[in-house]
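In what follows, a structure is listed as structure tokens, so that the remarks can point back to it.
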Amino acid sequence: MTKITYTQPQVNNNRPDVATMSQWLAPIVWENSFDLTVIDNIYKQKNITVATTVFAVGKYVRFLKDLLESAEQHFMVGYRVHYYIFTDLPHEVPVLTLGEGRRLKIMKTAGSSRWQEISLRRMEMIEKLIEEELLNNADYIFSLDVDSKFYGHWGAESLGDLVGVLHAWFFGLSRDQFTYERRPESQAYIPFSEGDYYYGGAVIGGRLANVLKLTKTCRMQLDLDRANKIEAVWQEESHLNKYFLYNKPTKLLSPEYLWDDKKGKPDFIKIVRFSQVLKNYAEIRPNP
Ligand code: UDP
């Protein structure tokens, strides 16, 4: 660290209204739970690159413009960000002026006539991208859903070895209400008596090696399910939840990092940083 001036840490919790630590002592990141000056002073010197994958297949390309423009305003500003846009419609990717140190690469992918298929294939494509292209070219990776938008700061406080986000709709519910996969025949099965949080599949992050292990494991579990002719209730999100149950994330992002435009804001949400935008499923999905 270089010498900087910042406020002395307090001995009490700045956010007594919410838990800022999991039972396994992974921080849960909330507004006012961190000092960005200190965090930036640590990470800026590391000269890191954050790879960011976004899938925009079929009609979902329409969400790219808002997502990318808002990311340029709010996401990892001041850091090197390499976007990898997976799409079957490369010509429809908007042309944007990116900030310094920020790049965008289009990854041509096949289209699909089933939206579930796209969600089932993301793990495999991220796994391949890390193995074939990223291992020497990036430090951290985030996978983000395209039908979303940044509304507020999302910076280096979100970085960690393995990062999951707490799903806005399930935050505060009891574990038996989570929409985990409940059929024991699926590899994503979680019994009603288990579970910590319900994690959103729209945001996965961490160091490359950790996310590689996650995507590889989930992809193998998805393959096994496919061979057994079973599809988990929320496809890759179900497998992600299973993975995080037995491989605990080292950092948890509060629902500030994955809100939903449809959802009212309770008092504990001081800021919405990233949120899922309203969409008309009938209009944008290839199948009902
Ligand atoms: N997706 C896509 N094209 C599709 C369906 C899904 O590109 O036809 C990608 C896109 O990145 C989207 C993500 O898969 O953000 C998750 O799908 P979706 O938003 O439909 O799932 P939901 O969050 O609504 O359950």
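Order of appearance sets the numbers: ligands from 1, and atoms from 1 within every ligand. The first residue in the sequence is number 1, and the count goes up from there.
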Handout entry: Sub-4.0 Å heavy-atom approach of E237 to ligand 1
Key = no
Handout entry: pair P255-I269: side-chain heavy atoms closer than 4.5 Å
Key = yes
Exercise for the section: Using a 4.0 Å heavy-atom cut-off, say whether Y60 meets ligand 1 through its side chain, its backbone, both or neither. Expected result: side chain
Handout entry: ligand 1 N/O within reach of W234 N/O, cut-off under 3.5 Å
Key = no
Fill in the blank from the handout: ligand 1 atoms nearer than 4.0 angstrom to some heavy atom of A56 are 7 (O)
Problem - Atom NZ of K65 with >12 non-hydrogen neighbours under 6.0 angstrom - result: no
Practice task
Using only heavy-atom distances, determine whether the side chains of K279 and Y281 contain a donor-acceptor pair under 3.5 Å.
Solution key: yes
Handout entry: Protein contact to atom 23 (O) of ligand 1 [nearest heavy atom, distance to 0.1 Å]
Key = D145 OD2, 3.7 Å
Completion exercise
re atom 24 (O) of ligand 1, the protein heavy-atom contact at minimum distance is Y281 OH, 2.6 Å
Handout entry: Plane angle bin for W154 and Y257 - parallel if under 30°, tilted between 30 and 60°, otherwise perpendicular
Key = perpendicular
Problem - ring-ring contact (aromatic ring centres under 6.0 Å, His included) partner of Y199, chosen from F244, W169, F171, F178 - result: F244
Practice task
Please round to the nearest 0.5 Å and tell me the distance separating atom CD of E127 and atom CE of M220.
Solution key: 8.5 Å
Practice task
Check R122 against ligand 1 and report side chain, backbone, both or neither, counting heavy atoms closer than 4.0 Å.
Solution key: side chain
Fill in the blank from the handout: of all protein heavy atoms, closest to atom 3 (N) of ligand 1 is V57 O, 2.8 Å
Handout entry: ligand 1 contact on P286 by region, counting heavy-atom pairs under 4.0 Å
Key = side chain
Exercise for the section: Before giving the answer on side chain to side chain contact (heavy atoms under 4.5 Å, CB included), spell out for T87 and L64 the whole-Å C-alpha distance, their side-chain angles and the decisive distance to 0.1 Å. Expected result: CA-CA 10 Å; T87 184; L64 268 176; 5.6 Å; no
Practice task
Measure from the side-chain N and O atoms of N41 to the backbone N and O of T37, and report whether any donor-acceptor pair falls under 3.5 Å.
Solution key: no
Exercise for the section: Note the single closest protein heavy atom to atom 15 (O) of ligand 1, along with its residue, its atom name and the distance in Å. Expected result: D147 OD1, 2.5 Å
Problem - ligand 1 contacted by F86 (non-hydrogen, < 4.0 Å) - result: no
Completion exercise
Looking only at protein heavy atoms, what sits closest to atom 11 (O) of ligand 1 is F55 O, 2.5 Å
Exercise for the section: Report yes if V146 has an N/O atom closer than 3.5 Å to an N/O atom of ligand 1; otherwise report no. Expected result: yes
Exercise for the section: Name the closest protein heavy atom to atom 25 (O) of ligand 1, giving the residue it belongs to and the distance to 0.1 Å. Expected result: R285 NH2, 3.9 Å
Practice task
Going by the ring-ring contact (aromatic ring centres under 6.0 Å, His included) test, name the single residue among F170, Y198, Y197 that passes it with Y180.
Solution key: Y198
Practice task
Do me a favour and list the nearest non-hydrogen protein atom to atom 1 (N) of ligand 1 with residue, atom name and distance?
Solution key: I118 CG2, 3.6 Å
Problem - Distance in Å, Q187 CD paired with I230 CD1, rounded so as to fall on 0.5 Å steps - result: 9.0 Å
